[in-house]
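Quick notes on the structure that follows.
Just so it is clear: chains get the letters A, B, ... in the order the sequence lines come, proteins before strands, and each one is counted from 1.
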Amino acid sequence: MKAIVDCNSFYCACERLFRPELHQRPVVVLSNNDGCVIARTDEAKQLGIAMGEPFFQCRDIIEKNGVAVFSSNYPLYGDISLRVMDTLRRLAGEEHVEVYSVDEAFLELSHVPPAQLRGMAVNIRNTVQQWTGIPVSIGMAPTKTLAKVANRLAKKDKPRTGCVMILAAPHEIQSALEETPVEDIWGIGRRYAAKLNRMGIDNAWQLSKMPVEWARKHLGGVVGVRLMRELNGEPCLTLQEPLTVKKQIATTRMFGKPVFDFSEIREAVAAYTAKAAEKLRRQSSLAGMIQVFVVANGKKNEKYEYNPQHWYRYHLLPYPTADTGLLIHYAVRLAAELFHPDIRYLKAGVILGELIPDNAAQMNLFASGLPHNRRALMQAIDNINAAYAGEAVRYAASGIRRLWKMKQMHRSRCYTTRWEELFEVR
DNA sequence: TCTGGGGTCCTAGGACCC
DNA sequence: TCTGGGGTCCTAGGACCC
């Protein structure tokens with residue numbers, strides 16, 4: 001058996017932790033730049049606020065109903081996430097936990113006797129609640145995909161399930177699949193869901209009865225085959241090794257307002273590069289390629305509609321590097337090549353690719369210059385910035401005034417990660 | 001006026017090699 | 001004039017996840 005443990009309305013739950021008066025009251029958390037709603041409590045869902053809905057579209061509902069609004073506060077959520085995951089490791093055993101995202105983890109439970117599963121689930125739920133204050137839902141089933149199905153049903157009817165659902169017997173699995181529309185299956189997105197509906201396949205049970213070869217043809221080859229087997233109770237997805245190094249690192253952001261001026265684009269691109277380089281060094285890698293992109297709005301049917309256009313440009317580095325200064329040099333050059341005056345840019349991004357471990361660096365004999373050993377400098381910058389939780393030291397190219405920075409009108413305090421913002425008890 | 005920011009995996013097709 | 005078959009690598013693009 002496998003389990004998925006999923007925090008309920010995670011970002012909202014983190015905000016409520018330090019604002020107990022918001023219990024039972026509707027809460028939403030906005031995306032970067034305060035653009036869309038990316039987390040809602042049950043009370044906010046009941047008001048009809050949709051996931052991903054633009055903030056300006058639901059502003060009326062929010063104001064009328066006294067919904068509490070927060071900008072996303074990632075340092076806070078990241079820290080609470082670590083506490084939840086640590087609790088799960090204590091309860092299930094380090095080697096049986098796969099952290100899947102900031103608010104979800106899979107557990108491998110094949111060693112647990114079936115009769116003990118429910119007790120274990122209830123204990124996990126209660127302990128996480130007590131130790132971290134975060135409510136979770138738990139789904140258990142023979143495969144990861146079925147555990148996701150169970151978890152969704154556990155969340156849907158909390159009073160009945162107590163946020164725990166276990167699917168073991170064939171009849172339990174069948175009725176759960178019948179209750180699950182295809183678009184809610186893990187691995188079926190908008191595209192495939194529409195395609196399946198057109199073919200008259202509406203729920204997961206119908207899908208699970210289709211032939212495997214049909215899935216190979218219509219659902220993305222081996223991916224579809226794996227999905228079908230998982231729905232039929234045959235595990236194809238095992239727990240992943242933790243700490244997999246990323247193969248690509250990106251830092252991209254919307255601007256707080258449209259940007260015309262190259263100097264602002266240059267600053268933003270330099271700042272994103274510095275951020276990406278920091279992530280790169282944190283996983284002890286070097287980048288062999290750097291790519292920059294910018295996004296502007298295009299016209300659609302001659303009307304002003306949201307229709308973003310992307311322009312990309314990349315550069316193969318003379319040798320793999322994690323040197324912020326060097327990466328900024330190339331990033332700014334690429335940005336200059338992409339830039340056109342008179343276009344209002346909405347967003348920019350930097351992607352580092354061709355990553356290799358930094359002990360495997362092989363110098364290019366034909367590179368024009370050898371790298372200076374700037375490792376010590378980079379380490380010093382990373383240490384200082386980690387200690388002061390921010391950008392105490394930064395490259396001048398990344399700007400001082402930062403007019404392009406995103407909006408964050410409703411950010412809560414970094415209660416657990418910044419000295420100046422600690423929670424106070426009087 | 002205002003629409004997130006990261007990632008992953010897989011496939012198809014072209015270039016090239018022997 | 002006739003012109004194989006199999007392998008690898010790379011890139012672009014499509015699909016998905018939270």
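Taking 4.0 angstrom as the limit, A/Arg226 places none of its side-chain polar atoms (N or O) nearer than this to OP1 or OP2 of B/dC9. Between A/Lys247 and B/dC9, a side-chain N or O to OP1/OP2 separation shorter than 4.0 Å is present. A/Lys347 has a side-chain polar atom (N or O) that falls below the 4.0 Å cut-off from OP1 or OP2 of B/dG5. At B/dG5, none of the side-chain N or O atoms of A/Arg253 fall inside 4.0 Å of OP1 or OP2 (strictly under the cut-off). Checking the phosphate oxygens (OP1, OP2) of B/dC2, a side-chain nitrogen or oxygen of A/Arg344 falls inside 4.0 Å. Within the 4.0 Å cut-off from OP1 or OP2 of C/dC18, at least one side-chain nitrogen or oxygen of A/Lys148 is found. Contact annotation: A/Ser72 side-chain N/O to B/dG4 OP1/OP2 distance is not under 4.0 Å.
Residue contacts for A/Asn33: at a heavy-atom cut-off of 4.0 Å it reaches no nucleic acid atom on any strand shown. A/Tyr100 comes within 4.0 angstrom of sugar-phosphate atoms only, judged by non-hydrogen atoms across all strands, and of no base. Residue contacts shown for A/Asp34 are absent, as no nucleic acid heavy atom lies under 4.0 Å away. Across all strands shown, A/Glu53 has no heavy atoms under 4.0 Å from either base or sugar-phosphate atoms. No engagement by A/Leu30 is indicated, since no non-hydrogen atom pair under 4.0 Å with the nucleic acid exists. Residue contacts for A/Ile351: at a heavy-atom cut-off of 4.0 Å it reaches no nucleic acid atom on any strand shown. When heavy atoms are screened at a 4.0 angstrom cut-off, A/Val102 is found touching no nucleic acid atom at all. Among the heavy atoms of the strands, none lies under 4.0 Å from A/Leu219.
Annotation: of the two residues near DNA chain B, A/Gln57 and A/Gly220, the 5′-most nearest-nucleotide partner is A/Gln57. When each of A/Phe255 and A/Arg59 is assigned the nucleotide of DNA chain B with its nearest heavy atom, A/Arg59 is the one assigned upstream, toward the 5' end.
Under a 4.0 Å N-O distance rule, the pair A/Glu104/A/Lys148 qualifies as a salt bridge. Taking a cutoff of 4.0 Å between a charged side-chain nitrogen and a carboxylate oxygen, A/Asp60 and A/Lys64 do not qualify as a salt bridge. Residues A/Glu230 and A/Arg226 are not paired through a salt bridge, judged by the lack of any N-O separation under 4.0 Å between the basic side chain and the carboxylate. Note on A/Arg191 versus A/Glu183: no salt bridge recorded, every NZ/NE/NH1/NH2 to OD/OE distance being 4.0 Å or above.
With A/Phe106 as the aromatic partner, A/Lys144 meets the cation-pi criteria of under 6.0 angstrom to the ring centre and within 45 degrees of the ring axis.
If you take atom C1' in B/dC16 and the same atom in C/dG4, they sit 16 Å apart, rounded to whole Å.
Less than 6.0 angstrom separates the ring centroid of A/His315 from the ring centroid of A/Tyr330.
Candidate nucleotides B/dG4, C/dC18, B/dG6 were compared by shortest atom distance to the side chain of A/Lys279, and B/dG6 ranks first. Which of C/dC18, B/dT8, C/dA15 sits closest to the side chain of A/Gln248 comes down to B/dT8. Side-chain proximity of A/Lys246 to B/dG5, B/dT8, B/dC10: nearest is B/dT8. Here C/dC18 is the nucleotide among C/dA15, C/dC18, B/dC10 with the atom lying nearest to any side-chain atom of A/Trp186. Distance from the side chain of A/Met254 is smallest for B/dG5 among the nucleotides B/dC10, B/dG6, B/dG5. Closest to the A/Pro54 side chain, of the nucleotides C/dC17, B/dT3, C/dC16, is B/dT3.
Going from atom CG of A/Asp6 over to atom C1' of C/dC17 covers 13 Å, rounded to whole Å. A/Arg191 places its CZ atom 13 Å from the P atom of C/dC17, with the value rounded to the nearest Å. Rounded to whole Å, the distance from CG on A/Leu316 to C1' on C/dT11 is 12 Å. The separation between A/Arg411 atom CZ and B/dG4 atom C1' is 18 Å, rounded to whole Å. For the pair A/Glu104 CD and B/dG6 C1', the interatomic distance rounds to 15 Å; values are reported in whole Å. A/Tyr11 has its OH atom 10 Å from the C1' atom of B/dG4, to the nearest Å. Rounded to an integer number of Å, the gap from CD of A/Glu183 to P of C/dA15 is 17 Å. One can place CG of A/Leu355 at 12 Å from C1' of B/dG7, the figure rounded to the nearest angstrom.
Consecutive Watson-Crick or G-U pairs involving DNA chain C, each under 3.5 Å on both distances, make up stems of three or more pairs at B:5-18 with C:5-18.
Crowding of A/Lys247 atom NZ: a count of heavy atoms from other residues, nucleotides or ligands under 6.0 Å not exceeding 12.
Side chains of A/Ser137 and A/Asn8: a donor-acceptor N/O pair is present below 3.5 angstrom, by distance only. Side-chain contact check for A/Glu108 and A/Ser110: at least one donor-acceptor pair (N or O, by modelled atom type) lies under 3.5 Å. Side chains of A/Thr161 and A/Asp157: a donor-acceptor N/O pair is absent below 3.5 angstrom, by distance only.
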